[in-house]
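Single-structure report; data block below.
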Amino acid sequence: MVTVADALRYFSGVQVKDYGGVGGIKTVNIRSMGTNHTGVVYDGVELGNAQNGQIDLGQFSLDNIEALSLYNGQKSEILQPAKDFGSAGTIYMRTRTPFFNEGETYHARATIRTGSFDLLNPSALVELKLGKRVSASLSAEWVNSSGKYKFRYRRVNPAGELAYDTTAVRQNGDINATRIELNTHGTLNSGSWNFKVYNYNSERGVPGAIVNNVWRRGERIWDTNSFAQGRYTGFFGKFTTLNNIKYAFYRTHYVNNDDKQVKIDNLYKQKEIYFSSANEYTITDFWKISGSYDFMWNNLDADVYGFVKPDRISQYLSVATALDFNRVKLQASALGTFIHDRIKGQEAPKDKHIFTPAIFVNGYPLRNKDLSIRAFYKQSFRMPTFNDLYYADMGNSKLSPERVTQYNLGLLYDHQSSSFISSARVSADVYYNRVKDKIVAYPKGQQFRWTMLNLGLVDIRGIDLTGLLTINPYKDLYLTVRGQYTFQRAIDITNPSDNYYRDQIPYIPRHSGAAVINAQWKGWGLNYSWIYVGERYNQQENIRYNYTQPWYTSDVSLSKDFKLGRVSLRGLIEINNLLSQDYDVILNYPMPKRNYRFTLTVEI
């Protein structure tokens with residue numbers, strides 16, 4: 001696994017949209033509610049994209065990620081920014097915080113990764129102890145790949161007759177990208193602070209959809225994503241304050257030189273200013289309350305004729321409370337969302353004022369708390385993005401905002417020990433989501449353009465099952481088996497007269513799952529992982545013509561850790577798609593067949 005998107009494939013209830021190859025866009029969807037209902041928080045501050053609401057998780061490397069977690073509903077803490085209470089599900093990414101033993105003043109790590117698709121991917125991390133209470137880290141990475149891989153293109157017509165069956169090489173999937181990230185951390189007598197500067201630059205081809213045996217090669221995108229953010233946490237007796245500030249600038253240059261299409265050369269510039277203050281007070285040993293206020297300003301400019309240059313002021317105000325009675329924990333929150341849009345030369349939509357409550361309950365029937373029963377009810381809301389509303393040839397100014405109501409009931413058994421079974425974890429969740437005026441986006445021939453529509457009312461019912469078992473059968477030998485299964489019935493129930501009434505919504509499988517087997521012994525590591533995604537439909541109507549076949553892949557990796565004095569080395573060999581399966585995650589975007597990666601890491 002290289003990117004955050006790769007790791008999230010193994011989380012239950014998650015669908016990753018992958019357009020193929022090293023440079024293909026990768027977005028995530030939790031429990032069929034859509035990418036825009038998934039918050040992505042990087043070191044405590046949510047990533048934003050007011051233009052299309054989608055965070056490309058392929059831009060974030062695991063090389064600098066210390067922890068990756070997924071929460072359905074919301075985090076089990078009430079001290080958090082108000083905006084965090086608004087997402088139906090949230091992914092939290094936390095970068096590595098430097099830790100120095102006595103006498104250490106620096107750490108350094110270098111990694112080189114190469115393999116299929118002409119991949120060259122070096123990265124480096126340097127950590128410095130600047131003082132007794134201040135440390136810094138600099139992380140840098142370069143990714144270069146031709147993105148070329150063989151694939152099989154096979155299509156049948158509605159009558160079941162073979163239309164195309166050929167093997168070809170994927171073109172225009174190249175990428176040249178750099179990531180630079182500077183972090184500083186400090187501790188105070190009564191708190192802590194950190195500051196981050198992030199820059200991502202890339203030029204990539206857009207491997208367009210393959211339709212009617214036509215290979216598109218004319219689209220290219222240049223991305224420059226930069227942001228700076230600061231975070232301060234203060235502890236003053238029973239009072240705790242958490243404050244964030246951020247400025248972001250995103251620049252996207254899109255070109256389409258395809259001779260068979262209209263020539264396009266557009267530049268998009270997006271700005272964001274964000275401030276948050278969250279405050280918590282401990283009333284008693286078992287009762288806490290909090291209040292948070294967030295302010296966000298977003299602006300989008302483009303050199304497109306007649307573009308309305310929208311900007312949006314979003315304000316979020318939350319109150320929350322948490323009760324901890326040892327065997328029973330309760331959490332309740334209420335979020336007020338206030339949206340004001342302004343556009344050039346046209347009448348702006350009316351302001352939106354939305355109230356969304358949530359209630360969470362956790363119970364522990366056993367004294368050791370190994371078994372817990374959890375339940376939650378939550379409402380969430382999201383405005384259509386700038387592209388949804390305003391973009392020519394794609395936007396739909398009549399789109400309604402989405403509203404989601406979530407219900408969840410689950411069990412969790414988590415046992416840790418130092419015996420033969422060192423870890424055992426099993427969870428089961430049953431959930432029901434109701435989405436009103438759901439917005440669905442799917443490709444319209446070109447990857448950068450989408451068809452936007454409201455489905456009206458969507459009924460989502462599902463089951464998530466996960467399990468993990470780690471055993472220690474002999475001295476240094478540890479065996480871990482991990483698995484997850486998800487069932488989802490996500491159907492459109494808007495209008496009984498529609499042909500697609502009660503049909504599964506596009507690209508949501510009813511059955512999906514993953515399994516991982518890992519063995520560790522004296523520095524050696526062997527890992528096998530398997531992912532399965534069941535049958536889906538690529539359009540609203542669940543008919544044969546729109547049917548997308550199920551797919552599964554197997555990946556294998558072998559690693560070895562060495563120690564030479566103060567220098568640690570790690571070698572890793574990966575074989576992905578071991579059985580060389582032909583499959584599409586998104587129709588007409590073929591994924592790579594068997595491919596390889598080789599990694600060497602040196603750390604001092």
Side-chain angles (χ1 to χ4, degrees), residues 1-11 14 16-28 40-45 47 49 54-70 91-98 107-127 136-145 147 173-183 196-204 221 223-227 229 248 250 527 529 555 557 559 570-574 576 592 595-603:
M1 294 183 289
V2 177
T3 68
V4 171
D6 295 331
L8 288 172
R9 299 176 195 275
Y10 298 96
F11 286 70
V14 171
V16 176
K17 287 188 175 181
D18 190 333
Y19 294 85
V22 178
I25 294 173
K26 299 171 178 64
T27 61
V28 68
V40 181
V41 176
Y42 197 34
D43 283 344
V45 181
L47 297 169
N49 188 332
Q54 301 192 26
I55 306 299
D56 181 6
L57 293 173
Q59 295 183 7
F60 297 92
S61 170
L62 291 176
D63 284 353
N64 195 38
I65 298 294
E66 184 176 62
L68 179 66
S69 56
L70 168 66
I91 297 163
Y92 287 87
M93 301 184 294
R94 188 178 76 240
T95 55
R96 179 165 136 167
T97 301
H107 296 147
R109 184 180 66 196
T111 299
I112 181 70
R113 186 178 291 111
T114 185
S116 302
F117 327 128
D118 306 306
L119 174 66
L120 181 59
N121 177 203
S123 64
L125 172 68
V126 177
E127 298 175 338
S137 65
L138 177 65
S139 174
E141 181 179 20
W142 177 45
V143 179
N144 186 273
S145 171
D174 62 294
I175 183 171
N176 184 27
T178 59
R179 175 185 60 83
I180 301 176
E181 197 170 330
L182 174 66
N183 292 279
K196 173 191 289 290
V197 178
Y198 176 95
N199 175 264
Y200 177 86
N201 277 281
S202 72
E203 177 189 352
R204 66 176 104 183
I221 290 180
D223 281 313
T224 300
N225 296 342
S226 302
F227 63 81
Q229 66 185 44
Y250 304 136
N527 192 86
S529 58
D555 303 329
S557 67
S559 64
R570 179 181 176 85
L572 174 66
I573 300 173
E574 300 171 86
N576 301 308
N595 59 92
Y596 307 87
R597 261 195 312 258
F598 307 93
T599 305
L600 177 64
T601 301
V602 180
E603 186 167 2

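This is a predicted model, so every value here is computed, not measured.
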With sequence neighbours left out, write down each residue that passes side chain to side chain donor-acceptor pair (under 3.5 Å) with [X], or none if nothing qualifies.
X	value
Arg570	Ser559, Asp561
Ser137	none
Asp43	Thr95, Lys196
Asp118	Ser146

Query raised in the report: Side chains of Thr114 and Arg597: donor-acceptor distance under 3.5 Å anywhere?
Result: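 Arg597 and Thr114 do not have a side-chain donor-acceptor pair below 3.5 Å.
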Quick one: side-chain contact (heavy atoms from CB on, under 4.5 Å) partners of [X], sequence neighbours excluded?
X	result
Ala248	Phe227, Lys246, Tyr250, Glu272
Leu600	Ile112
Thr599	Thr111, Arg113, Leu572, Glu574, Thr601
Thr224	Asn199, Asn201, Ser226, Arg251

Query - Which residues share a ring pair (Phe, Tyr, Trp, His ring centres under 6.0 Å) with Tyr42, sequence neighbours left out - result: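 If we apply the ring pair (Phe, Tyr, Trp, His ring centres under 6.0 Å) test to Tyr42, skipping adjacent residues, the hits are Phe60.
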Query raised in the report: Is the closest basic N to carboxylate O distance between Arg96 and Glu603 below 4.0 Å?
Result: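 Glu603 and Arg96: salt-bridged.
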Query - Which residues share a salt bridge (Lys or Arg N to Asp or Glu O under 4.0 Å) with Asp555, sequence neighbours left out - result: none
